[in-house]
There are 2 protein chains.
Amino acid sequence: MSASDNEIPYPATSYDVAKAAGVAQSTVSRCFQDDSNISPETRERVRRIAAELGYSRNALARSLITRKSNMVGVVATRFTIRNNPELVYTLGDALRSEKRRMLLMVIESDATVGSIIDEALEYPLDGLICCSNMKETDISRFRTRRVPIVFFNRDVKSALTDSIATDHAEAGQRAADLLFEAGHRRIVCIKGPEKAQVSLVRASAFVARLAELGVAHVPTVSTDFSYDQGLTAFTDLVENLPRPDAVFCANDQLALGVMDACRYKLGWRIPEDISVVGFDDIAEAGRLSYQLTTIRQPILEMALKAVELLLSRATNTDVEERNIRMAGRLIVRTSARIQDKECPSL
Amino acid sequence: MSASDNEIPYPATSYDVAKAAGVAQSTVSRCFQDDSNISPETRERVRRIAAELGYSRNALARSLITRKSNMVGVVATRFTIRNNPELVYTLGDALRSEKRRMLLMVIESDATVGSIIDEALEYPLDGLICCSNMKETDISRFRTRRVPIVFFNRDVKSALTDSIATDHAEAGQRAADLLFEAGHRRIVCIKGPEKAQVSLVRASAFVARLAELGVAHVPTVSTDFSYDQGLTAFTDLVENLPRPDAVFCANDQLALGVMDACRYKLGWRIPEDISVVGFDDIAEAGRLSYQLTTIRQPILEMALKAVELLLSRATNTDVEERNIRMAGRLIVRTSARIQDKECPSL
DNA sequence: TTGTACGCGTTATCAA
DNA sequence: TTGATAACGCGTACAA
């Protein structure tokens, strides 16, 4: 028994199947395409033989000739993945139902997106869903290659490049109205990183709206969007302040930290002593221990829409860019008083 | 101006670069490989011209000839992604530092893993990290193709196939010892789905150990591993039972639901009236509102080890399978009394 | 309906 | 050090 007897050096190719079935390689190829002219008998026989040989088509070789990789790149930051794990699942699921694979490229933060550009360009991606900012020079490299991009929750405007995002400004404004109408006047704001566009928009719209309503000063502090900093930054902030009666947090993680600070560090009751409003509606916000009133981002609808926008670019190559903004939805729980203080009977 | 003047039909290839640089295509190829014999001047000049043309190598074409896709498949269930988002990030990060891409294939649950087998086989993956069970017949299809698999937190044993998992049995046993030594005797157990191996192992080891210690009956109920069912299943379970003094939950989500059931439905104090122990150490477990005592899975270390195991198979083709079990780590917080009831002075 | 021949864009081999 | 040429495995004209 020689070495060549038991060699299984490489997976079977369409040539191997062709030889075993006594047909041409192109016939084998046709047997695995849905819309090809092939006799039912041949198709069945060849497929059976292929199965016996353990044959699968090589997707890479196919991509080379069809010039379609059937792969969609998804760029996501660590924070996005942690805060919205369902987004990853939903994107993957939506892409698979469109016969696309998900090449997930994770980055530490928006600041490090540059590190994956070259790698993404080496694959003839069908498209890129980018949950990060990107420089125009990098965007144009994809555009040159005809790789469409959809930005997800990032306010990036570029030619032929779509985006979908929550309407953060409207949402921040709504939070301001909510708290003002409930009679709150000593209001503070816990926002995210200075570099995080979404946080800035939410917070500045919130503050601006309050200013319109006559609340001139809204003490504000920046954080890293984490529970821990929500807890500590809030505690520090209120130390030298008249006690606030409401707080808006630019995301739910912060809000949970603020709530725990109130209850376990400051001894304040929620919502009797202070109203807390968050942003996102993550799973934790609905726990009985928190019951956080917050503004939900329609992440899952946005994910589906992102896939739809992306794949429609394959046919509609030159349609003008679409920048879709979806309204957040106020989820009323018990962490904020929503009726006016002056009318407790309501 | 004819149509051909402004056509940018396809990305530049190495032939285009070669023509522009006045060299052979193979020379261009060499300029983009680190370990090739090429004069520094040529390399620099060609690379510059390539950059001007916006050239990137086509990874698919390269894979075809090198028979290495540099892609690693990661199979993960919706539950895994939701419960352990950091796992996704860590795997992606570890793979990228090994110059590999992550093809993430999401599935609804272990039961639907069959739906991605064919699709995974079509790519000449460098390997597969599988956070799901898999039938032996499917495993062998990958083995035939020389695609190594590492099972992650699944107790799958198969030839040449590595696995890494938390030692769930040891952990369940440890939870039992912990509660028993604290003096608890009326103990209940909230486990996960009947089909979830990890849950069964944790719970049955827990119950078995208590039996050894003389606690014969441990009322147990199955759930879907969710917060909601932790809350409702526990409430239902204890309704017709003498009040338990301790509860072990097969994951943290359940434990949080149980804690909220105790506090907000049953009016029990934690840990004075009942001790609660969870499993996983998800982020929520550490919140001040919960302070859940739990057993941490070393997910991140496991992720790194999984990548290491997988890539080592590329060279060590025929080394015997390695089934690594990592010990969980007890994280003591305040949701469980750990000293004996009889010795409150401790 | 099937076979022949070519090309997708790269790396690898061999000769110069 | 470089160039010519042959793969890699498939899809697709075109001819039969």
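By convention in this document, chain letters (A, B, ...) are assigned in the order of the sequence lines, proteins followed by strands, and residues within each chain are numbered from 1.
Between the C1' atom of dG9(D) and the CZ atom of Arg62(B) lies a distance of 17 Å, rounded to the nearest Å. For Lys68(A) and dG9(C), the NZ to P distance is 17 Å, given to the nearest whole Å. One interatomic measurement links the two molecules: CD of Gln33(A) to P of dT2(C), which rounds to 14 Å at whole-angstrom precision. Spacing between atom CD1 of Ile65(A) and atom P of dC8(C) amounts to 8 Å, rounded to whole angstrom units. Atom-to-atom, CG of Asn58(B) to P of dT10(C) comes out at 6 Å; the value is rounded to the nearest Å. Here dT2(D) presents its C1' atom at 12 Å from CZ of Arg45(B), a figure rounded to the nearest Å. The CD1 atom of Ile38(A) sits 12 Å away from the P atom of dG11(D) (whole-angstrom rounding). Rounded to whole Å, atom C1' of dG7(C) lies 14 Å from atom CD of Gln25(B).
Counting atom types as modelled, Ser26(A) pairs a side-chain N or O with a base atom of dT4(C) as donor and acceptor under 3.5 Å. The base of dG9(C) is not paired with the side chain of Arg67(A) by any donor and acceptor separated by under 3.5 Å.
The side chain of Thr27(A) approaches dG3(C) more closely than any other nucleotide in the set dG11(D), dG3(C), dG9(C).
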* Passes side chain to side chain contact (heavy atoms under 4.5 Å, CB included), Asn133(A) versus Phe151(A)? Steps please. -> CA-CA 8 Å; Asn133(A) 285 303; Phe151(A) 283 97; 5.9 Å; no
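Using a 4.0 Å heavy-atom cutoff across all strands shown, Thr42(B) reaches sugar-phosphate atoms only and no base atom. Counting non-hydrogen atoms under 4.0 angstrom, Arg30(B) reaches a base of the nucleic acid. Contact annotation for Ser36(A): no contact, since no heavy-atom pair falls under 4.0 Å across all strands. Using a 4.0 Å heavy-atom distance criterion, Val23(A) is classed as a sugar-phosphate-only contact. As judged by a 4.0 angstrom heavy-atom cut-off over every strand, Ser29(B) is placed among the base-contacting residues. Residue Phe32(B) is classed as having no contact, given no heavy-atom separation below 4.0 Å to the nucleic acid.
No donor-acceptor distance shorter than 3.5 angstrom exists from the side chain of Arg101(A) to the backbone of Leu103(B), with no hydrogens or angles considered. Distance alone, capped at 3.5 Å, is enough to place a donor-acceptor pair between the Asn153(B) side chain and the Thr166(B) backbone.
Put simply, Ser14(A) has a side-chain N or O that comes within less than 4.0 Å of OP1 or OP2 on dC10(D). One finds no side-chain N or O of Tyr123(A) lying less than 4.0 angstrom from the OP1 or OP2 phosphate oxygen of dT10(C).
Across the interface with DNA chain C, nearest-nucleotide mapping of Val28(B) and Arg43(A) shows Arg43(A) to be the residue nearer the 5′ end. Comparing Ser39(B) and Tyr15(B) by the nucleotide of DNA chain D whose heavy atom lies nearest to each, the residue mapping closer to the 5' end is Ser39(B). Projected onto DNA chain D by closest heavy-atom contact, Thr13(A) and Ala24(B) fall at different nucleotides, the more 5' of which corresponds to Ala24(B).
Nearest heavy atom pair, residue Asn323(B) against residue Val156(B), reads OD1-O, 3.9 Å. Shortest non-hydrogen contact noted between Ala159(A) and Arg143(A) is O-NH1, 2.7 Å.
Remark: aromatic rings of Phe32(A) and Tyr55(A) are close, center separation under 6.0 Å.
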